[in-house]
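Chain A is the first sequence line, chain B the second, and so forth, proteins listed ahead of strands; every chain is numbered from 1.
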Protein chains: 2
Amino acid sequence: MADLTKEKIIQQARMLFIELGYEKVSMRGIAKDLGCSHGALYYHFKNKTALFSRVLDFYFQELNSIIDTIMEQTENDRVQELFLGFIRFGLDHPHQYELMFMLKSEEMDSLMQRAATESFERFEAAVKEAGNINPQNGEIYSIFLALHGFVSLHLHRAENFEAVAKAAKRYVTFLRKTI
Amino acid sequence: MADLTKEKIIQQARMLFIELGYEKVSMRGIAKDLGCSHGALYYHFKNKTALFSRVLDFYFQELNSIIDTIMEQTENDRVQELFLGFIRFGLDHPHQYELMFMLKSEEMDSLMQRAATESFERFEAAVKEAGNINPQNGEIYSIFLALHGFVSLHLHRAENFEAVAKAAKRYVTFLRKTI
DNA sequence: AATTTAATTGACCACTGGTCAAATAAGGAG
DNA sequence: CTCCTTATTTGACCAGTGGTCAATTAAATT
């Protein structure tokens, strides 16, 4: 027994959520893919929300590692890379981005905000370091919001990042002017 | 009979969607409030989505009329008023805003885009007129996206517009610099 | 071997969106 | 008024959902 671990459940759920979105993934669906009953899932996670919040952690880790990778570069304009990197991440992983930043859910809010805030702080620190600046008054937060606006409204119109790469670059240039 | 009109259904649904959000409103719930069976609703609207899209039209009309009202002013900086007006609308009607701009739904997309696009065009024309400018390359669209970013991320953290009025004004000033 | 603990099952509940044959009401036509 | 057609409305029904829980099974401990 016990080959049904929390980890295995999270991994399976992770793929399903990305493929189908939050609503269309059912606990029974996850259980079926894992070859167990849906009741078993409720032994490991108290409800669908709790399972999803664990999956969310994974998603944010991915975004964090993208930021880290960009910061390891030396030759490029890393501020621009950070801005574009965020947009690219959103548009190339639309379902995932939606789950991370566009899902509304009472109980989820605090959990999501935890990871989301952490990701933002990493983003903010990276921008400061890359741009060798130290703006206050939440200017970087404003930029973050603006990037989110771009992503969220292009999410389902654009096929992927490449499809709006030009517009994204223009937008990023437009935003850079402000700091 | 026939005192159950499309209009009555739309009005009741309109309030319920705002109060509870899309998911938590059920056709049975609407029917109960109207004193009819849920089956009757399916005579007037082919499904929940179709009913909701009619409700959405109402919501966008409200936004449109806010834009119109601002444009009737003469003394104020109407560009700033337009930007702030959009943010205020979003934060003071969070549920409604969510339904208008943050709901993802396959079939809904085209319908929502129709009304949303119309609203944006009105916004764009207003900004051009108020600012006496004619920017190209979708700069106004960029600003619209940026405003949406601000609203969407403050939607459930802020109690209402007043709670973030200062940040909103800073943000708007920040955006104005770009055109 | 006996007992305790960890995990799993599947029947069950109240709910959802949606369908549809049947019942009901309304309006004309003769 | 009757007959027929058309416009509504009902409520049983379906497949599906998230969630609960007593009963069972497997594993570890004594």
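Protein atom NZ of Lys46(A) is 15 Å distant from nucleotide atom P of dC21(D), rounded to whole Å. Separating the CD1 atom of Ile30(A) from the P atom of dT9(C) is a distance of 15 Å, rounded to the nearest angstrom. One interatomic measurement links the two molecules: CE of Met27(B) to C1' of dG11(D), which rounds to 16 Å at whole-angstrom precision. Whole-Å rounding puts the Asn47(B) CG to dC14(D) P distance at 22 Å. dC15(C) atom C1' lies 15 Å from atom CG of Leu20(B), rounded to whole Å. Here dT8(D) presents its P atom at 13 Å from CZ of Phe45(B), a figure rounded to the nearest Å. Atom pair Lys32(A):NZ and dT9(C):C1' shows a separation of 17 Å (rounding to whole Å applied). Taking atom CZ of Phe52(B) as the reference point, atom P of dG17(C) lies 13 Å away to the nearest angstrom.
In the helix from dA1(C)-dT30(D) to dG30(C)-dC1(D), the end axes, each obtained as the rotation axis mapping the C1' atoms of four pairs onto the next four within a five-pair block, lie 20° apart to the nearest 10 degrees.
For the side chain to side chain contact (heavy atoms under 4.5 Å, CB included) test, residues two or more places apart in sequence or in another chain that qualify with Asp68(B) are Arg122(B). Judged as a side chain to side chain contact (heavy atoms under 4.5 Å, CB included), and not counting sequence neighbours, the contacts of Gln11(B) are Glu7(B), Arg14(B), Phe58(B). A search for ring-ring contact (aromatic ring centres under 6.0 Å, His included) contacts involving Phe89(B) returns His93(B), not counting sequence neighbours.
Judged by atom type and distance alone, Arg28(A) does not reach the base of dG16(D) through any side-chain donor-acceptor pair under 3.5 Å.
Pairs of residues two or more places apart, or lying in two chains, never qualify as salt bridge (Lys or Arg N to Asp or Glu O under 4.0 Å) while including a residue from residues 27-41 of chain A. The list of salt bridge (Lys or Arg N to Asp or Glu O under 4.0 Å) pairs with a residue in residues 76-96 of chain B, not counting sequence neighbours, reads Asp77(B)-Arg176(B), Arg88(B)-Glu162(B). Listed by first then second residue, pairs satisfying salt bridge (Lys or Arg N to Asp or Glu O under 4.0 Å) with a partner in residues 128-153 of chain A number zero, not counting sequence neighbours.
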List the atom pairs, with distances to 0.1 Å, where a side-chain N or O of residues 140-152 of chain A and a protein N or O form a donor-acceptor pair under 3.5 Å, not counting sequence neighbours.
{"residue": "Ser142(A)", "atom": "OG", "partner": "Gly138(A)", "partner atom": "O", "Å": "3.2"}
{"residue": "His148(A)", "atom": "ND1", "partner": "Tyr97(A)", "partner atom": "OH", "Å": "2.6"}
{"residue": "His148(A)", "atom": "NE2", "partner": "Ser152(B)", "partner atom": "OG", "Å": "3.0"}
{"residue": "Ser152(A)", "atom": "OG", "partner": "His148(A)", "partner atom": "O", "Å": "3.1"}
{"residue": "Ser152(A)", "atom": "OG", "partner": "Gly149(A)", "partner atom": "O", "Å": "3.2"}
{"residue": "Ser152(A)", "atom": "OG", "partner": "His148(B)", "partner atom": "NE2", "Å": "3.0"}

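Between Ile133(A) and Val79(A), every side-chain heavy-atom pair lies at or beyond the 4.5 Å cut-off.
Residues from residues 34-44 of chain A placing a heavy atom under 4.0 Å of any atom in DNA chain D, listed by number, are His38(A), Tyr42(A).
Lys48(A) places a side-chain N or O within 3.5 Å of a backbone atom of Val25(A) that can act as its donor or acceptor partner.
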